[in-house]
Amino acid sequence: MFESYAELVKEKEKQGKKTLPPLPGAEPGKVKTRFAPNPDFVIHLGNARPAILSHEYARMYKGKFILRFEDTDPRTKSPLGDVYSLIKEDLNWLGIDWDEEYIQSKRLPIYYEIARKLIRKGGAYIDTCPREVSRELIVKGRACPTRDNPIEWHLEQFEKMVEGEYGEGEAVLRVKTDLSHPDLSVRDWVAIRIIDTTKYPHPIVGSKYFAWPTYNFAVSIDDYMMGVTHILRGKEHQQNTLKQMYLFDHLEWKYPIAIHFGRLHLEDFIMSKSLIRKLLSENPDKFWGYDDPRFGTIRGLRRRGILPEAIRQLILEVGIKGTDSRVSFSNLAAINRKLLDEKAHRIMFVSNPLKVQVTGFDEIIAKIPVHPSIKVHRVYKVRSGSEIWINKDDLGHKQLRLIGLGNFEVDGKRLTFIGNDVSYAKKNKLPIIQWVPAESSVETRVYKPIGLEFEVEEGLAEPGLLEYKPGDQLQFIRYGFIRIDTLEKPRVNVVFSHE
RNA sequence: GCCGCGGUAGUAUAGCCCGGCCAAGUAUGCGGGCCUUUCGAGCCCGUGACCCGGGUUCAAAUCCCGGCCGCGGCACCA
């Protein structure tokens with residue numbers, strides 16, 4: 001157990017890790033945070049912010065972290081059955097583990113129980129006015145006349161709502177707040193409404209329930225009952241915090257500490273759930289799915305070759321500021337590059353290939369280092385007079401050095417060996433270039449995400465590429481980092497991560 | 001329109017609560033150098049910011065007021 005925040009920080013720094021600013025009101029061992037996604041879509045980089053920060057703070061203070069699925073709207077934000085597990089996969093991949101897991105749709109009886117309690121306390125009422133009528137009254141600072149009915153009446157109507165005797169729009173449970181609050185949505189906000197689940201079945205509980213809690217109602221109850229001490233979420237929830245506080249007051253509960261941070265935009269990437277959904281349904285041939293590397297979804301970034309640790313570092317760096325952050329991809333790439341560089345194996349890949357002949361020696365055993373800091377090599381035997389592929393653009397020099405082969409003099413499409421001295425190459429600033437043996441190259445297609453498009457580049461890689469499998473991340477020498485995506489017979493498809 | 005939050009270098013962030021040690025730290029980017037028997041990296045040096053205007057004070061990035069700009073919310077969505 002740590003005595004203070006200062007010690008927590010010291011401990012972290014000892015491990016060489018980035019630290020977050022202290023969490024207000026946090027006591028080591030007692031912090032409890034949660035990440036509460038709506039399973040209507042896979043999570044993206046923006047969602048990773050509350051997830052990673054909440055998790056990080058919980059771990060930092062040796063507290064608990066909860067994963068909670070907020071799936072209480074089968075009508076307009078219909079949860080998708082497979083998304084629950086996809087989100088869990090994404091979180092695991094990000095290195096997030098959780099101590100407790102809940103699904104709100106399985107907790108409706110709990111919300112009903114609290115609703116009854118709240119009605120008995122006079123903190124909520126059943127509104128059976130037509131929706132437009134209630135609306136007009138609330139705008140004027142008044143309310144549906146049923147607000148003043150006796151508590152017994154409300155309790156009865158509530159049971160009718162639960163039993164399914166009311167149809168959609170015929171009755172709602174409202175929390176009493178302040179009918180003169182400047183924000184109209186705060187005035188007597190809706191806690192429970194009817195959703196006809198015979199028309200909109202819920203992927204988990206089907207058509208079992210008709211009375212569904214709204215976000216604010218379910219969140220409040222869960223945060224209280226689960227003992228959440230700190231709520232970290234985006235500033236789009238600021239008004240919700242206000243609404244929820246009325247409920248906490250009615251029930252005499254203490255509100256957790258809430259922190260609202262700004263939005264996180266990754267420039268040039270689509271993060272909007274609705275837009276991605278639309279693109280996928282309208283262009284099924286153009287996009288690859290939730291994990292298309294052109295999308296800012298967590299799985300998209302993974303397929304692009306972004307490491308989970310890079311995402312974590314970015315989020316920790318951005319922190320809990322209230323302002324929006326516009327992060328460029330090159331910034332994320334810079335973090336990723338640093339992590340990738342020390343472990344990505346090197347492969348010689350030639351784009352824009354041109355066949356040339358090498359002469360002026362007998363036979364050279366070219367040793368290509370798998371990685372500059374490892375003493376393992378791939379070996380290619382090259383005889384004088386044989387052909388290799390190099391990038392056409394590299395031919396514009398008088399002399400050049402071919403990695404592992406030596407220094408050469410350029411004469412048209414013929415390269416003549418002039419020595420193997422590296423210092424000569426350095427001294428004369430010869431470009432040190434990659435090449436691929438002509439008789440055993442690997443056809444390679446590179447997909448470079450550019451906005452919503454792919455720039456496709458065909459090229460040839462050295463045979464060593466075949467030692468790797470989809471998902472492996474490599475550096476194509478003088479080209480950039482790539483992630484092997486799929487193997488298509490003789491061809492290898494890779495996704496370009498970044499330079 | 002109403003309500004709320006915020007504005008530090010190209011980008012991101014520290015500092016702001018508890019004014020002085022901040023002629024503002026860090027990362028990335030950019031420029032230059034060094035090292036290395038091969039790409040990359042690493043190391044060193046340099047570049048560059050407190051939205052504007054008033055006020056309080058011996059002293060303001062930090063406190064107060066006004067303006068401007070950005071963002072969020074104003075659902076029987078989450």
Side-chain angles (χ1 to χ4, degrees), chain A residues 18-19 21 24 36-41 69-73 75-79 104 127 131 134-135 139 168-174 181-187 189-195 211-219 233-243 260-265 267 273 313-314 316-335 337-338 340-342 344 346-348 366-369 371-373 401-407 420-426 430-434 475-481 499:
Chain A
K18 234 185 168 58
T19 49
N38 179 339
D40 67 337
F41 206 72
F69 289 104
E70 311 212 314
D71 54 351
T72 59
D73 181 11
R75 185 172 46 202
T76 59
K77 285 208 176 160
S78 175
Q104 288 189 327
D127 168 353
R131 186 199 279 236
S134 297
R135 175 78 195 160
V139 168
E168 287 191 358
E170 291 173 5
V172 291
L173 179 75
R174 289 183 182 273
H181 195 281
D183 183 339
L184 297 179
S185 76
V186 173
R187 298 180 186 177
W189 53 270
V190 173
I192 294 185
R193 81 295 205 187
I194 305 294
I195 292 174
W212 285 86
T214 58
Y215 167 79
N216 279 301
F217 195 63
V219 162
R233 57 185 169 196
K235 63 181 173 187
E236 65 272 22
H237 288 292
Q238 275 176 149
Q239 307 298 315
N240 290 325
T241 299
L242 211 62
K243 294 181 197 179
H260 300 106
F261 34 75
R263 300 205 146 198
L264 175 61
H265 305 272
E267 286 170 8
K273 288 178 179 181
Q313 284 186 18
L314 178 76
L316 294 191
E317 184 180 322
V318 167
I320 55 173
K321 278 215 335 183
T323 40
D324 290 358
S325 308
R326 294 198 79 87
V327 177
S328 65
F329 179 71
S330 67
N331 229 279
L332 177 58
I335 300 172
R337 183 179 304 123
K338 196 161 276 183
L340 218 40
D341 182 75
E342 48 189 54
R346 271 54 168 169
I347 285 285
M348 295 194 293
K367 291 164 91 179
I368 310 302
H371 187 280
S373 59
R401 180 178 177 86
L402 295 167
I403 294 175
L405 284 179
N407 308 325
N420 192 29
D421 188 4
V422 176
S423 56
Y424 174 84
K426 292 278 182 187
L430 302 192
I432 298 173
I433 71 167
Q434 75 280 20
Q475 184 193 101
F476 280 177
I477 292 173
R478 295 209 306 144
Y479 186 82
F481 292 93
E499 287 184 348

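Just so it is clear, the model here is predicted, and its values are computed rather than measured. Every chain is numbered from 1 and lettered A, B, ... according to where its sequence line falls, protein lines coming before strand lines.
Between the C1' atom of B:U13 and the CZ atom of A:Phe261 lies a distance of 16 Å, rounded to the nearest Å. In this entry the distance linking CD of A:Gln475 with P of B:U38 reads 14 Å, nearest Å.
In the set B:A27, B:U13, B:C76, B:U13 carries the atom at the smallest distance from any side-chain atom of A:Val318. For A:Arg193, the listed nucleotide lying nearest its side chain is B:A78; candidates were B:U11, B:A78, B:U38. You'll find that the side chain of A:Lys338 is closest to B:U28, out of B:U28, B:A12, B:U38.
Residue-level contact check: A:Asp341 touches the bases, meaning some heavy atom is under 4.0 Å from a base atom. A:Asn240 comes within 4.0 angstrom of a nucleotide base, judged by non-hydrogen atoms across all strands. Backbone-only contact: A:Arg478 has heavy atoms under 4.0 Å from sugar-phosphate atoms and none from a base. A:Gly234 comes within 4.0 angstrom of no nucleic acid atom, judged by non-hydrogen atoms across all strands.
Inter-residue side-chain proximity for A:Glu168 and A:Ile195 is flagged as met; some heavy-atom pair is nearer than 4.5 Å.
The side-chain hydrogen bond (donor to acceptor under 3.5 Å, both in side chains) test with A:Tyr215 singles out one residue from A:Lys243, A:Gln104, A:Glu70, A:His237, and that residue is A:His237.
A donor and an acceptor atom never sit less than 3.5 Å apart when one is taken from the side chain of A:Arg326 and the other from the base of B:U11.
Under the 3.5 Å distance criterion, the side-chain polar atoms of A:Arg346 are matched with a main-chain donor or acceptor of A:Ala344. At distances below 3.5 Å, at least one donor-acceptor pair connects side-chain atoms of A:His181 with backbone N or O atoms of A:Asp183.
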Going 5' to 3' along nucleotides 64-75 of chain B, which nucleotides have protein heavy atoms under 4.0 Å from the base (write B), which only from the sugar-phosphate (write S), and which from neither (write -)? -------BBSSS
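Stem regions annotated for RNA chain B: B:1-7 with B:68-74, B:10-13 with B:25-28, B:29-34 with B:42-47, B:51-55 with B:63-67, counting only runs of 3 or more consecutive pairs of Watson-Crick or G-U type with both contacts under 3.5 Å.
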